[in-house]
Colleague: 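Next up is a structure, given as structure tokens.
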Protein chains: 2
Amino acid sequence: MTNSWADLAGRLGVDLLLDVESTPGARGRRAALATALRSAITDGRLTPGRALPPYRSLAADLHMARGTVAGVYQELIAEGWLVARVGSATRVADVARQVSTPRVRPEPPPEPAHDFCLGQPQSALFPRSDWIRSTRRVLTDAPHATFGVGDPQGHLATRRALAGYLARVRGVRTDEHHIVLTTAVSQSLELLSRCVFGDTIAVESHGLPFHREVIERFDTRVEPIPIDADGLDVDRLAASSMTEVVVTPSHQFPTGHALDPRRRAKLVDWARDHGGVIVEDDYDGELRYDRDPVGAVQGLAPDDVVYLGSASKSLSPAVRIGWMVVPDRLLADVLRAKGPRESTASILDQMVLADLIESGAYDRHVRRSRSHYRARRDVLSEIMRARGIEVTGISAGLHAVLSVPAVAEPEVLRAAAAQGFVVAGLDGFRHPDAAPLPSGGIVVGFSTPPEHRFQADVTALADLVATALANASITSTVAAKSMHLSVTDCP
Amino acid sequence: MTNSWADLAGRLGVDLLLDVESTPGARGRRAALATALRSAITDGRLTPGRALPPYRSLAADLHMARGTVAGVYQELIAEGWLVARVGSATRVADVARQVSTPRVRPEPPPEPAHDFCLGQPQSALFPRSDWIRSTRRVLTDAPHATFGVGDPQGHLATRRALAGYLARVRGVRTDEHHIVLTTAVSQSLELLSRCVFGDTIAVESHGLPFHREVIERFDTRVEPIPIDADGLDVDRLAASSMTEVVVTPSHQFPTGHALDPRRRAKLVDWARDHGGVIVEDDYDGELRYDRDPVGAVQGLAPDDVVYLGSASKSLSPAVRIGWMVVPDRLLADVLRAKGPRESTASILDQMVLADLIESGAYDRHVRRSRSHYRARRDVLSEIMRARGIEVTGISAGLHAVLSVPAVAEPEVLRAAAAQGFVVAGLDGFRHPDAAPLPSGGIVVGFSTPPEHRFQADVTALADLVATALANASITSTVAAKSMHLSVTDCP
């Protein structure tokens, strides 16, 4: 046979697929088998500890005499390739592999000394038992069809559960027909870029560079609108000719301010008057700590708002479930862009989320998380205030902003990076065409440090910032800037 | 307060967020609460059956007298909005919602009478207990950091397990550093389009339209190379100026032929001589039924092949795990395109897959699936042969091709569609610039019908094809064509 690839083990045991030249004659085949096994072990196709099929099965499958195959096994055992133990399968020995060492081997970045990375929940809070319990429940009860091709709009039960949940918790007005499940806010933005956004879309002057890049990938220009302590300057938006905007009204990212109620009303009027589309990124809407929670703008104008959220902050970024609440007039376009079958989102995870919500476990987890983060926020505020450092943007979410003079921001970041702190600066989130904010700020993710180190890490950070501000030697701005940009990409 | 959004339940119970005008005075607030609850029920923010928090808790949170809140509850119970049961929470009654009916409500397509849809496994085979067991194991044992931001290259343990598995089963030569996890073959193609593919890439003349679209979305032109019963015409590829090709060498999709061994060698030589890149879509490589399995081309030329696979056919398309095996020289580009954090693939599912492979459950499942599909394939072949219908492309995978004259293909598809059969025609997979194949074919996914109906469905299909061929009235070709195209998009 001309094809030198042959399956010597067929469907027995481990599906050995070996590279052999099959030669005629019993002796030739015996040698070929030995050579093939040796080379499969050498280059790692057969890994150490792997059980080989019983020689009888292999012999039957190869139409070889049992004695021949047994002989090959014994030969390789003798040579040290295989190991036999009484009463157990013959296994591959622990032979050094000769696979070529990869030229590119991405090294994990060194563990930071003090990690105040943004945008991820405290991983110790993940509700492991709830997830296991819900997995067992949904996988036991689900009809077979669930394991077929997924609905690209998202698992129906999940959309139903989310519609109820978002109504209760965020004042969102919708139903399962207007929810589209994705894997993240960024994927939702990508979908909108492909089917809804026009040539240019307005964004807040400061926001996630990654989100701007996702939009630009599909040839939509993003144009910055200034923000201040009351959030997006809606008058400036209205004065522009743009009719679409991406905004974080509940908790501006990164400044942490809520959009002023009058501006909320004005934003909704603007959309109504201009046929505009408000894309509301409610990235941490569930994690509010004080009275007067800020409901979603979507609840005020369900026909003009595309509402985006995800489980990345409430559960874990290892669970890739995002959601969009889409107005009727845009729904057909979004579904068309999503395509005829689900190709990225795990339907199994969606099923588990539905059960978590319906069983009340999700609410319990969010409440538990909220009180955990509220306590951390209080510790952080207290320690910072004791050092005379003002903390803002802390009525919600997983990050706080330490006020520093704009000129001092690079200096603080430089000192932080030098001492192994992962923090970011407000200016690192600025749209390149936008004016810098009048004040600086150090953006601190307070969910990341492990619990046992939290107080010490925050104290160290407070000391660092206080010292850097006292020194206030505003020199090496350029070096600090570049450091700063890499820091915002954490992790 | 100017903000009319207030959280009336705070962090108690269900996080009621109600739209109220808070008015001064106990009577005013009582009325406001009642109105807010009514409107939340009317517009569906509070869904039927939802438990309200105990009136004491709500009262405490609102700084209202208990009697006032109890009075509001009683008022709404009297009005029929709420339902009280002794010993249970007060709940929202089953009130008709007044949410505006969505104008777009995507109706699920009617259930086909005989579903021979392509590209999905038999959903009854999904290894539910194994998945539950592995979920429990990995979620119990995983370090906390697992629930942080995921490695965009994919969970390390999963890459390790896959490297061993692909070596054993497909003869792939790689290690965990050269595997990149995605959500599907289509996402792998999308990544390659963004970072590897040049202006033009060669594809087989017949293939998944969806895959061509994914590539074209990133401004790479796809140019067809003819195929025949020996697979891709490698001489034609070599004669072109293209240096990249996407190919299905183990089981051409849709014809089902394997790439001839001489052509495999020639393809590898071509890549080596031209610095070319072979993208090997090994979409159903594990599901081979006969002797002489065809190993992956990657094993012959690890430096020139990007190998693509996924769990969609082996497990379920509801599990979104795809993998790429990337040559060293392209790895940095692919990882750059993947970005600094994982934003689509579920790390939890990746962890479960690693455990399934390491525990041997995945191998067992694949073996079980293979013998199930092999039996189905044998039944199909036998029934078709008894009607004089030739069946090809059946040494692997989840679909077969029924040979029909090219001129008869539209007629058979028309008859099939009219009688509720979901099947596709070979010509529906043709690149628009490619010449039609000399023979026609009906592409039949034999994994989809439920087990109890399989024999009957296949018999009905055989009757239909035999009858249509006998009639062979090649008339309404145009109508059939359009029907045919929609059918290939199934489901």
Side-chain angles (χ1 to χ4, degrees), chain A residues 2-3 5-7 11 14-15 17 43-45 47 99 102-106 120 123-124 126 128 131-132 135-136 139 144-145 147-150 164 167-169 171 173 175 177-178 183-184 186-187 261 293 295 316-320 328 331-332 335 340 343-344 346-349 367 489 491, chain B residues 2-3 5 7 11 14-15 17 43-45 47 99 102-106 120 123-124 126 128 131-132 135-136 139 144-145 147-150 164 167-169 171 173 175 177-178 183-184 186-187 261 292-293 295 316-320 328 331-332 335 340 343-344 346-349 367 489 491:
Chain A
T2 49
N3 184 352
W5 288 89
D7 183 354
R11 274 141 304 281
V14 293
D15 291 304
L17 180 73
D43 68 18
R45 280 173 291 143
T47 49
V99 145
R103 287 183 296 264
V104 181
R105 184 182 305 229
Q120 46 178 312
S123 51
F126 188 81
R128 298 174 184 234
W131 190 276
I132 293 170
T135 298
R136 187 171 49 231
L139 282 198
H144 288 323
F147 303 101
V149 169
R168 280 190 288 119
V169 175
R173 304 181 194 217
D175 59 28
H177 304 293
H178 293 80
T183 58
S186 60
Q187 204 206 11
S316 160
V319 175
R320 302 302 337 174
D328 222 67
L331 187 57
L335 291 177
S343 65
T344 52
S346 162
I347 301 292
L348 296 192
D349 288 5
R367 278 201 298 279
D489 270 347
Chain B
T2 48
N3 183 351
W5 288 88
D7 182 353
R11 274 140 306 278
V14 293
D15 291 305
L17 180 73
D43 67 18
R45 279 173 293 144
T47 47
V99 146
R103 288 183 296 264
V104 181
R105 185 183 303 230
Q120 47 180 311
S123 51
F126 188 82
R128 298 174 185 235
W131 189 276
I132 293 169
T135 299
R136 187 170 50 232
L139 283 198
H144 288 323
F147 304 101
V149 169
R168 278 190 289 120
V169 176
R173 303 179 193 220
D175 59 28
H177 304 294
H178 293 79
T183 58
S186 60
Q187 204 206 9
D292 276 346
S316 159
V319 175
R320 302 301 339 174
D328 222 66
L331 188 57
L335 291 177
S343 65
T344 52
S346 164
I347 301 292
L348 296 193
D349 288 5
R367 277 202 297 278
D489 271 347

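Below, chain A is the first sequence line, B the second, and so on; all start at residue 1.
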Colleague: Between A:Ser346 and B:Asp349, what is the shortest heavy-atom contact and its length?
Modeller: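 Distance-wise, the nearest heavy atoms are OG-OD2, 2.5 Å.
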Colleague: In terms of heavy-atom pairs under 4.5 Å with chain B, which of A:Gly150, A:Ser316, A:Ala124 leads?
Modeller: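 Top count of heavy-atom pairs under 4.5 Å with chain B: A:Ala124.
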Colleague: Do you know which of B:Gly164, B:Ala184, B:Gly148 has the most heavy-atom pairs with chain A at a distance under 4.5 angstrom?
Modeller: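 The answer is B:Gly148.
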Colleague: Tell me yes or no: between the side chains of A:His144 and B:Arg128, is some donor less than 3.5 Å from an acceptor?
Modeller: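 A:His144 vs B:Arg128: donor-acceptor pair found between side chains.
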Colleague: Less than 4.5 Å to any heavy atom of chain A: does that hold for the side chain of B:Ser186, its backbone, both, or neither?
Modeller: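 Just the side chain, heavy atoms under 4.5 Å.
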Colleague: Does either side chain, that of A:Thr344 or that of B:Gln187, offer a donor lying less than 3.5 Å from an acceptor on the other one?
Modeller: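 There is no such pair (donor and acceptor under 3.5 Å, judged by atom type) between the side chains of A:Thr344 and B:Gln187.
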Colleague: Could you work out, with side-chain contact (heavy atoms from CB on, under 4.5 Å) as the rule, every residue matching B:Ala145, not counting sequence neighbours?
Modeller: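 With neighbours one apart ignored, the set is empty.
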